[in-house]
Number of protein chains: 2
Amino acid sequence: MHGLIMDRALRIIDILRHAKRNFPKVEIISETLEGFRHRYTYADAYARTARLAGALTRLGAQPGDRIGTLAFNTYRHFELYFATAGSGTVCHTINPRLFTEQLVYIINHAEDRWLFVDVCFTGLIESIAPQLNTIEAIVFLADRQHMPTTTLPNVLCYEELLDDEADDFDWLDIDERTASGLCYTSGTTGHPKGALYSNRGIVLHSMAFGAPDCISLSMRDVIMPVVPMFHVNAWGSPFAAPMFGARLVLPGPKMLDGPTLHSLINEEGVTVSLGVPTIWMALMQYLRDNGGDLEPMDRAIIGGSACPPALMDAFRGYGVRVRHAWGMTETSPLGVLNTPRPEFTDWPVERQREMDTRTGHGVFGMEMKIVDENNNELPWDGEKFGALKVRGPWVCSSYYKGEHSSAFDEPGWFATGDVATIDSYGFVQITDRTKDLIKSGGEWISSIDLENVAVGFDGVAEAAVISIGHPKWGERPLLVVVPEPGATIDKTALLEHYHDKVAKWWIPDAVEFVDEIPHTATGKISKLRLRERFKDYRWS
Amino acid sequence: MHGLIMDRALRIIDILRHAKRNFPKVEIISETLEGFRHRYTYADAYARTARLAGALTRLGAQPGDRIGTLAFNTYRHFELYFATAGSGTVCHTINPRLFTEQLVYIINHAEDRWLFVDVCFTGLIESIAPQLNTIEAIVFLADRQHMPTTTLPNVLCYEELLDDEADDFDWLDIDERTASGLCYTSGTTGHPKGALYSNRGIVLHSMAFGAPDCISLSMRDVIMPVVPMFHVNAWGSPFAAPMFGARLVLPGPKMLDGPTLHSLINEEGVTVSLGVPTIWMALMQYLRDNGGDLEPMDRAIIGGSACPPALMDAFRGYGVRVRHAWGMTETSPLGVLNTPRPEFTDWPVERQREMDTRTGHGVFGMEMKIVDENNNELPWDGEKFGALKVRGPWVCSSYYKGEHSSAFDEPGWFATGDVATIDSYGFVQITDRTKDLIKSGGEWISSIDLENVAVGFDGVAEAAVISIGHPKWGERPLLVVVPEPGATIDKTALLEHYHDKVAKWWIPDAVEFVDEIPHTATGKISKLRLRERFKDYRWS
């Protein structure tokens with residue numbers, strides 16, 4: 001028997017409709033490519049989003065069509081998020097930092113009909129345009145005055161498209177499972193694979209995002225995603241901000257620009273900001289060099305990779321709480337987030353600090369388990385580590401166009417590829433990627449733990465640990481280190497540094513110095529390429 | 001095209017599964033009918049809920065079956081909420097304060113197969129049992145030692161039922177629209193009508209409930225619903241607490257007991273509590289007579305009827321913020337809630353206080369409009385008042401068994417029967433029930449506004465305004481007053497008191513004194529019975 005409750009679909013466009021009605025004067029502030037700071041309100045954003053939806057319809061967009069974006073975090077990108085969802089089309093956000101062959105692959109694979117592009121990417125588009133099979137036109141995110149000079153055929157001007165349309169739109173009455181967004185993972189093996197989001201998934205993700213023990217978002221908040229909008233929807237913040245009436249600050253192309261971030265935080269009163277450690281390090285460097293503070297800021301949400309303890313301390317010095325978050329393209333991305341348990345406040349400060357370094361706890365909707373090699377569930381004791389699997393109403397069920405992946409081998413669960421422990425408080429600690437674990441004498445060694453110890457040693461700029469075949473133990477860890485400029489590191493001292501920090505049998509067997517460690521397009525260490533480089537390594 | 005996102009149903013039992021995994025040691029504390037304070041954890045609650053689901057199955061409960069409860073707020077009632085949902089059955093919470101003919105009607109209309117009953121209601125059940133057509137057994141919420149002596153046939157002992165079962169249960173893999181709960185509205189006209197809740201609706205309601213600008217619920221909160229669990233699911237708090245890891249304090253039969261509420265708040269650290277004004281007045285009376293404070297308490301959620309300004313002031317004196325909430329049985333019940341806008345903090349205190357008296361603003365998911373007599377939408381200008389209509393994924397689409405109501409006349413919308421203004425901030429102010437408005441010379445007069453002025457006059461204990469037919473104006477307001485014991489009220493002075501507070505033509509034409517104003521079973525003024533009493537009134 002069904003309940004007698006309205007069948008109201010969970011639709012992304014209703015988030016913006018809600019903001020227009022309830023928060024018409026709350027602002028979206030953007031740094032622009034034109035070089036000035038743009039401000040308008042959710043009411044303005046709604047009207048222009050309606051115009052954009054009208055323009056898409058006039059261009060001939062049909063429900064289900066993919067519409068690519070190559071753009072920074074600005075109000076126009078925000079409009080694209082909602083106009084696509086409201087017109088039943090799919091916003092395919094593309095990472096402009098990908099290698100060009102990946103860009104071409106992704107755009108052709110998605111069969112994007114249009115690309116909406118920041119003018120700074122004109123050269124990039126010109127270079128790949130001949131290889132794009134499905135693009136009907138390039139729409140530059142500019143007014144007529146700022147349109148680039150280009151050899152591209154079929155170029156359109158965003159502002160001119162909007163000029164011809166009306167301030168409201170007859171939003172499609174779509175099923176809540178309708179696809180809304182597409183984002184490719186920069187997988188380290190094989191071709192990139194697409195995560196196809198739905199209206200329902202994004203709305204539920206946004207509702208979870210706002211809870212006090214998650215990101216905590218209210219009308220008193222000003223949220224600044226420094227994570228790009230082409231990177232898993234800026235972790236969902238452009239959807240959550242209008243849902244909860246928070247002011248939204250978009251740093252445009254200035255994401256690695258210390259002075260701009262500093263002035264946005266202070267002038268716009270940013271209370272919460274999201275980003276990877278790299279961008280925060282740039283901001284801290286700026287503050288060290290130039291002084292200043294982060295007075296309005298209450299919390300920094302840090303994901304992408306673990307926050308180095310020194311960065312956490314630096315934030316604390318400015319009165320900013322750091323909250324680790326973890327997620328994936330395939331999880332929309334909210335997976336776990338670290339909000340301290342009330343019990344922790346009675347603990348010694350060191351133990352509290354240690355808990356702050358954990359990856360985080362689950363939120364309602366995101367169900368987790370850790371399993372052993374035979375897929376038997378492991379206890380939440382903080383010690384057993386196993387493959388982390390998740391499920392929930394904003395987790396991918398497969399990749400776009402059904403491309404096979406072993407991540408979906410167990411029906412109803414997604415294998416994250418991460419290895420984790422979970423403690424009795426439900427706190428997850430990700431110890432490694434499944435494929436980066438080192439199996440020595442039948443027991444697992446975490447490469448990430450070993451890397452964290454190494455970067456704590458004087459003179460180490462960056463460190464990576466990879467597994468090298470070993471005649472006796474099967475595999476043993478090799479430590480690869482980039483020394484800081486001018487530093488001389490004593491290998492024996494570096495390895496002795498491990499002695500009170502990890503089990504003796506975990507200590508790497510050797511150290512190799514390199515000038516550079518290879519990274520993926522999203523800035524993570526590419527273990528794949530590192531392993532490739534050391535594939536002929538032999539233990540001496 | 002659908003997104004490729006897992007089809008995970010939104011299920012109530014997953015809330016408790018989430019709490020068991022993530023908050024296993026967080027407590028539920030109950031005052032019991034046995035007279036002691038019971039404590040256990042979400043992990044314990046889960047195990048006993050599984051046992052109860054096993055017992056229901058053993059009794060022969062089938063998906064869709066209605067299971068009645070006549071019970072106060074205790075852990076056993078909590079277990080019933082989740083065991084029914086998890087086994088696909090429907091928890092029909094019954095208000096034991098209803099008139100017996102209504103109780104009989106409701107239980108027969110719902111076709112409840114079992115009743116789970118607090119032992120204090122033994123006499124009540126014995127008195128109506130012969131008229132109940134579908135009840136197979138009465139289960140008393142007690143252990144063997146506390147079972148009542150009764151003449152009832154087919155009596156079962158709750159704790160004995162649980163003793164025979166296992167600590168886990170194979171929860172039904174239900175569609176999220178599956179009915180989960182049933183609650184009858186004590187409508188003022190006609191028979192009570194049933195609101196049939198769904199798993200999806202309750203889960204979405206709970207997610208919205210926890211947001212910072214709604215009830216705001218975190219692991220650091222201790223929530224005490226003083227609103228009964230038979231009254232629209234205690235406004236949803238027993239579902240939201242385990243979702244967000246808040247401690248849950250259930251006052252059992254001690255809901256109007258000042259000393260117990262005071263000790264629960266202070267000893268259990270209650271941060272947020274929900275209830276109607278009446279219960280808070282009892283608590284304030286206790287504090288005035290006995291001293292004491294409300295130190296842990298941060299906010300009081302007040303619904304059911306408007307909070308008198310004097311009560312708001314009293315709460316402020318104890319450092320407790322008052323938040324108005326409004327909802328209905330048909331809205332699960334969350335409709336609007338009053339959280340001040342950040343802009344208000346710059347306003348003069350008096351204007352802020354005035355805003356605090358508003359009914360509240362919408363939350364995402366609950367869409368509102370106000371319409372005139374021709375169903376034309378009215379602007380949100382804070383002045384035009386019209387019939388308030390709502391829609392959303394936790395709003396009823398019809399009444400149980402499809403009973404007709406004009407409230408559902410407009411497809412997709414529910415007419416609340418309330419009259420409201422909405423201002424440009426989205427703040428709703430409910431001015432009246434549609435049927436309690438007074439139409440004088442073609443213009444509307446709000447009876448509630450007139451009542452609020454009257455209760456501010458010295459010596460007035462309670463006041464009600466009803467419409468009386470008038471030869472010239474169509475209708476005119478009559479003020480009915482219960483004086484405080486021993487007070488003498490001068491009618492002319494009372495009416496003069498209105499002069500600077502409402503438009504001149506709103507001022508009641510006459511005052512009548514009565515010893516008592518009739519109330520409904522849920523404690524609201526019964527205008528229906530008052531109009532009945534004054535049906536022969538003539539203007540002199």
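As a basis for the values below, the full set of heavy atoms in this structure was taken, side chains included, without hydrogen atoms, waters or symmetry mates. Computed from a predicted structure; not experimentally measured. Below, chains carry the letters A, B, ... as their sequence lines are ordered, and counting in each starts from 1.
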Against chain A, label B:Val390 side chain, backbone, both or neither, depending on which of its atoms sit under 4.5 Å from a heavy atom there. backbone

CH2 (B:Trp394) and CD1 (A:Ile5) are apart, to the nearest 0.5 Å, by 11.0 Å

Interchain contact, A:His361 with chain B, by part (heavy-atom threshold 4.5 Å): side chain

Tell me, side chain or backbone of B:His2 under 4.5 Å from chain A's heavy atoms, or both, or neither? both

Any side-chain heavy atom of B:Pro393 sitting closer than 4.5 Å to one from A:Leu10? yes

Please flag which part of B:Ile422 lies under 4.5 Å from any non-hydrogen atom of chain A: side chain, backbone, both or neither. neither

Between B:Thr178 and chain A, which part of the residue has a heavy atom less than 4.5 Å away: side chain, backbone, both or neither? both

Using non-hydrogen atoms and a 4.5 Å limit, figure out which bit of B:Ala208 sits close to chain A: side chain, backbone, both or neither. both

Which of A:Pro212, A:Ser332, A:Gly392 touches chain B most, by non-hydrogen pairs under 4.5 Å: A:Pro212

Nearest 0.5 Å please: distance from the CZ atom of B:Arg21 over to the CH2 atom of A:Trp380. 4.0 Å

In terms of heavy-atom pairs under 4.5 Å with chain B, which of A:Ser198, A:Gly210, A:Ser397, A:Gly426 leads? A:Ser397

Which atoms of B:Phe427 are under 4.5 Å from chain A, going by heavy atoms: the side chain, the backbone, both sets, or neither? neither

Is B:Tyr425 close to chain A through its backbone or its side chain, or both, or neither, when contacts mean heavy atoms under 4.5 Å? backbone

Is the closest side-chain heavy-atom distance between B:Arg341 and A:Phe23 below 4.5 Å? yes

Side chain / backbone / both / neither for B:Arg247 at chain A, heavy atoms under 4.5 Å: neither

Does any backbone or side-chain atom of B:Glu176 lie under 4.5 Å from a heavy atom of chain A? Answer side chain, backbone, both or neither. side chain

With the threshold set at 4.0 Å, does a side-chain nitrogen-carboxylate oxygen contact exist between B:Arg11 and A:Glu367? no

Answer with side chain, backbone, both or neither: which region of B:Leu204 has an atom nearer than 4.5 Å to a non-hydrogen atom of chain A? both

By a 4.5 Å heavy-atom criterion (distance strictly below it), what part of B:Val363 contacts chain A: side chain, backbone, both, or neither? backbone

Any side-chain heavy-atom pair from B:Met1 and A:Val90 closer than 4.5 angstrom? yes

pair B:Leu4-A:Cys396: side-chain heavy atoms closer than 4.5 Å: no

Show the nearest heavy-atom pair for residues B:Arg220 and A:Pro342, with the distance to one decimal. CG-CB, 4.0 Å

B:Thr339 versus chain A, the contacting section by heavy-atom distance below 4.5 Å: both

The interface call for B:Pro24 against chain A, heavy-atom contacts under 4.5 Å, is side chain

Chain A contact via B:Asp221 - which portion, at a heavy-atom distance below 4.5 Å: neither

